[in-house]
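Take a look at the structure below.
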Amino acid sequence: MHARDELLLLGAPASLSEAEGHARMPQPPRAMLPVLGCHEYVEIPVLSRETFTGW
């Protein structure tokens with residue numbers, strides 16, 4: 001994944017329980033996500049980072 005000036009190698013997503021995923025969210029998204037119907041959360045680990053030098 002290309003993010004700003006970094007190239008990230010991502011691992012496999014892992015499901016989180018609704019309680020754990022909700023607890024990890026910062027405010028104000030934590031308050032809004034249930035209202036918007038978000039009840040499933042995943043964690044995607046960053047395996048490595050490299051400086052992105054451009055296309």
Side-chain angles (χ1 to χ4, degrees):
M1 175 177 169
H2 172 229
R4 297 188 186 192
D5 61 347
E6 290 185 306
L7 186 60
L8 307 175
L9 177 61
L10 304 177
S15 293
L16 299 175
S17 69
E18 183 174 359
E20 184 179 358
H22 189 254
R24 290 185 180 194
M25 288 290 147
Q27 286 289 359
R30 185 182 308 168
M32 291 303 300
L33 289 173
V35 174
L36 297 173
C38 181
H39 301 286
E40 297 179 19
Y41 298 85
V42 296
E43 176 181 46
I44 303 175
V46 176
L47 302 178
S48 69
R49 298 173 181 262
E50 296 179 21
T51 301
F52 182 71
T53 57
W55 305 100

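Because the structure is a prediction, the values reported are computed rather than measured. In this chain, residues are counted from 1 in sequence order.
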*asked:* Do Leu47 and Leu10 sit in one hydrophobic cluster, given that two such residues count as connected whenever their side-chain heavy atoms are within less than 4.5 Å of each other, even indirectly?
replied: no
Would you tabulate the side-chain donor-acceptor contacts of residues 23-38 under 3.5 Å, counting partners in other chains and residues two or more places apart, or write 'none'?
unit_1: Arg24; atom_1: NH1; unit_2: Glu43; atom_2: OE2; d: 2.8
unit_1: Arg24; atom_1: NH2; unit_2: Glu20; atom_2: OE2; d: 2.8
unit_1: Arg30; atom_1: NE; unit_2: His22; atom_2: O; d: 3.4
unit_1: Arg30; atom_1: NE; unit_2: Met25; atom_2: O; d: 2.8
unit_1: Arg30; atom_1: NH2; unit_2: Ala23; atom_2: O; d: 3.3
unit_1: Arg30; atom_1: NH2; unit_2: Met25; atom_2: O; d: 2.6

_Distance (rounded to the nearest 0.5 Å) between Leu8 CG and Glu50 CD_ = 9.5 Å
*Are Leu7 and Met1 in one and the same hydrophobic cluster, where Ile, Leu, Val, Met, Phe, Trp and Tyr link if side-chain heavy atoms are under 4.5 Å apart?*
no
*asked:* Test of understanding: with side-chain hydrogen bond (donor to acceptor under 3.5 Å, both in side chains), list the residues that count as partners of His2, not counting sequence neighbours.
replied: none
_Minimal non-hydrogen separation, Ile44 against Gly11, with atom names_ = CG2-O, 3.6 Å
*Smallest separation among heavy atoms of Pro45 and Ala12, with atom names*: CD-O, 3.3 Å
